[in-house]
Structures are given as structure tokens and as C-alpha cells.
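Take a look at the structure below.
Scope of the values below: all heavy atoms of this structure, side chains included, with no hydrogens, waters or symmetry mates.
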Amino acid sequence: MKIQVKLMCAILLMMAVVFTKCAGKPTKKAPEQPYAVGVIDSANFGTTYLYLLDENLKETETLRCPYHGIGSFGSTPIQIADGVLYEKWMGNTVKPNKCAVAAMDLQTGEWKDYDFGDGVIEDFRVNEHGIFVLSNAASRVDFCSFDGGERVSVEVENDAGLCISVHGYDVYLIGTQMGQAGDGEAEDKCFLYRVNVKEQSQEQLLDVTEELGENTLEYTLWHEGRMYIPNGDRLSIYEPAENKVRHVALPGKEACKILSDGERLYIVDCDIQNDGETDIYCFYPGTEEIQASYHIAESAMQTYIRDGICYVLQQEPVTKVCKYRLMEDGMCEKVNEAVIQEETDDGHRVSDLFVK
């Protein structure tokens, strides 16, 4: 009898602990208060949380996301179109290696997903036509139309790279042709490809082995009829009219991302792997000159710039969001910062930042 009583007490105690732990977790799936910034805290084996912050980076509330493994850790820019946020979904214990994009309505907090079959998403883009995905499964370009849900899949001839640019229905990417073993050392070749998902066609445009072949390119931007590629100590620019790549020298050595803000482009120079500080160059495409350079103390895993206001997500050594005002003379003012108290269980990791 005493054993049964002790066992019952132990069970009740465990239930109380579980209830207390669960009761402390957010259950909301839709935002109830105005917010400006969101931070995604995700894991493959646990719940994904969204921390919502106001314009002053004060946390307003925390939401639950129905998907595990959300986020790109800064390798792919979050896409926002027509009030909907699109993000990589990497899968979970039930569906590992998921090749999918999850989408959240920023007003209602409702989620849906777009499944692109096997493989892992290397990069994706969203425009008015739909979602364009570069998958590592047989170097594949997939497309899902917003108009009727049309699905297209095109296998690229050679090994595709890590990033794409999209213009209309055209997808631009770097493909590698492995060298054939012969008498001498085999040389890999890199080519710029254009894949048209409407016509389900592909075209090898240009040999870019010398221009782009030695670097691991993870970020490109199509802007005003050109493809801009941050490329270490230079900005590489593809001119489709002339079908050639040219370069503009940059002050630093680690240019890895590029963002647009109206007529300006901002190039992010940061050694993310070593958690270094960050330089940001304001580049005018019209004159192809760097108009201003900014230096910030944080390592920028993810960066957003809108109307001269810069939001930076740093993951190491402290996870935090910083808000800067970028001024014309090259000065930058830190407006606010917020340390993110991420979950520590279930392998959670802050994976991305988005600005509403």
C-alpha cells in the first residue's frame, strides 16, 4: 500500500512538473499586438518560436510555429511578398531533409507550406509569379506558381551552386562542370546558366571559371536588369545585354551579402564563420561608386536595410538584434539593441531575422 501511495505521489509530481513547464510555453499562433521585427528560434526536434519585437526592439509577445527546422541561418534572405513571409523548412524527425518552403501570413500568423519533393533547398526566391527553388537533389530548379499552383521542375545539366537570382520567369545560377581525368590535372569549369521555368528550358550563357569559379558564392541579387554578386574583395556584375561579367573593387576582403534599398545597394562585408565585426558599403549602381562605408561591432549573420535603417542579427558570441541608423556621411548610430533569450533545450538555435 505504501509503495502504491509513493508511486502515485511520484506520478502526480511528474505531471505537475510537465504541466508547469508546458504552462510556461506560449500557445498563441497569431500576433495580438503590433510588432516591427521577428526573430525565429527553431530546432529539428522541438517547437519553433517567433519572438516579436516593436520598433524599439522591446519584445511584445512570443508565438508558436507549427513547423520544426525553420530558418536558413542567414544563408538565404527571407522573402516577404504581399504580407506573407517565406522561409526555408528543413524538416524534422518525422520528415527529415524536407525540401520545402513555409509561409506565414504576417497579419494573422497562419502558416502553410510548399513541398518541393526530395533534397535540401540551397536557395529560393519569391516574386509576383511564384516560388523559385534551387535544390541539391540532382541540381534541380523547381517552381510553384501562385496562379493556380502550377508546378515545374528542371534538372540542371551540371552541378549547381548555392545561390540563384530571378528575373521574371528566368532563374540565373552558377553550374560546375567537373573536369575529365586525362594526362594532366583535371580542371573544373564554371558556367552561368539561365533556366526558364515557363518554357522549361535551360541555356549555358557564359564561362565564368576565371571570374567566379574559385569562390563559394552564397548571395546574389537581380537589380535593375543586372545580376550583382558579392565576391570577396570585389563586386561582380553580370551584364545580360553584353553577356559578360565585370568587377568593381571593394575596400574589404569578405563581401558576402548584398541588399537593395531603393536606388542604393548595400554590400555586407563580414567573416561570419569567425564572428568578426562587420563593414557595410553603400553602393550606387548608377555611378558604380561606394558613397559611404559603415562599421559596426556585431557579426552580421542576417541583415536588413530599409530607408537607411539597418537591422542586424548576431548569433555569436551573444544572440542579439541591433538597430542602426545609416547616415549619408558614413556615420552610423546604434538606435537600440536587444539580447534574445533563446530556448536552451531541444537543440534550439536562433536561425533568422525578419522585418515586417
State whether R226 and E239 are salt-bridged, where the test is any N-O pair (Lys NZ or Arg NE/NH1/NH2 against Asp/Glu carboxylate O) under 4.0 Å. yes
Is D329 atom CG crowded by more than 12 heavy atoms from other residues, nucleotides or ligands, each under 6.0 Å away? yes
Just checking, any donor-acceptor pair under 3.5 angstrom between side chains of Y193 and Q202? no
Using side-chain contact (heavy atoms from CB on, under 4.5 Å) as the criterion, list what pairs up with D105, not counting sequence neighbours. Q107, T108
Determine whether more than 12 heavy atoms belonging to other residues, nucleotides or ligands lie under 6.0 Å from atom CD of E55. no
State whether a side-chain donor-acceptor pair under 3.5 Å links D207 with T209. yes
For the CD atom on E316, are there more than 12 heavy atoms of other groups (residues, nucleotides or ligands in this structure) within a distance under 6.0 Å? yes
Please determine, by modelled atom types, if D142 and S135 share a side-chain donor-acceptor pair under 3.5 angstrom. no
Quick check on M331: does its CE atom have over 12 non-hydrogen neighbours (other residues, nucleotides or ligands) under 6.0 Å away? no
State, without any angle test, whether Y294 and D279 hold a side-chain donor-acceptor pair at a distance under 3.5 Å. no
Compute the centroid of each ring, for Y304 and then for Y311, and state whether the two points are separated by less than 6.0 Å. no
Do Y238 and N243 have side-chain N/O donor and acceptor atoms under 3.5 Å apart? yes
Could you tell me whether the side chains of E277 and H295 share a donor-acceptor contact shorter than 3.5 Å? yes
Under-4.0 Å salt bridge between K334 and E298: yes
Are E288 and R246 close enough for a salt bridge, meaning some N to O gap below 4.0 Å? yes
Nearest heavy-atom approach of T48 to H68 is OG1-CA, 3.7 Å
Could E224 and R264 be called an ion pair, given the rule that one side-chain N must be under 4.0 Å from one carboxylate O? no
Does a salt bridge link R325 with E333, judged by any charged N lying under 4.0 Å from a carboxylate O? yes
Using the ring-ring contact (aromatic ring centres under 6.0 Å, His included) criterion, which residues pair with F146? Sequence neighbours excluded. Y86
Answer yes or no: is there a donor N or O on one side and an acceptor on the other, between the side chain of S236 and the main chain of N231, under 3.5 Å? no
Scan side-chain atoms only and decide if S260 and H223 contain a donor-acceptor pair under the 3.5 Å cut-off. no
So which of L313, N336, V312, V339 actually passes side chain to side chain contact (heavy atoms under 4.5 Å, CB included) with V321? L313
Would the H167 and Y172 ring centres measure less than 6.0 Å apart? no
Taken to the nearest 0.5 Å, the spacing of L173 CG from C163 SG works out to 8.5 Å
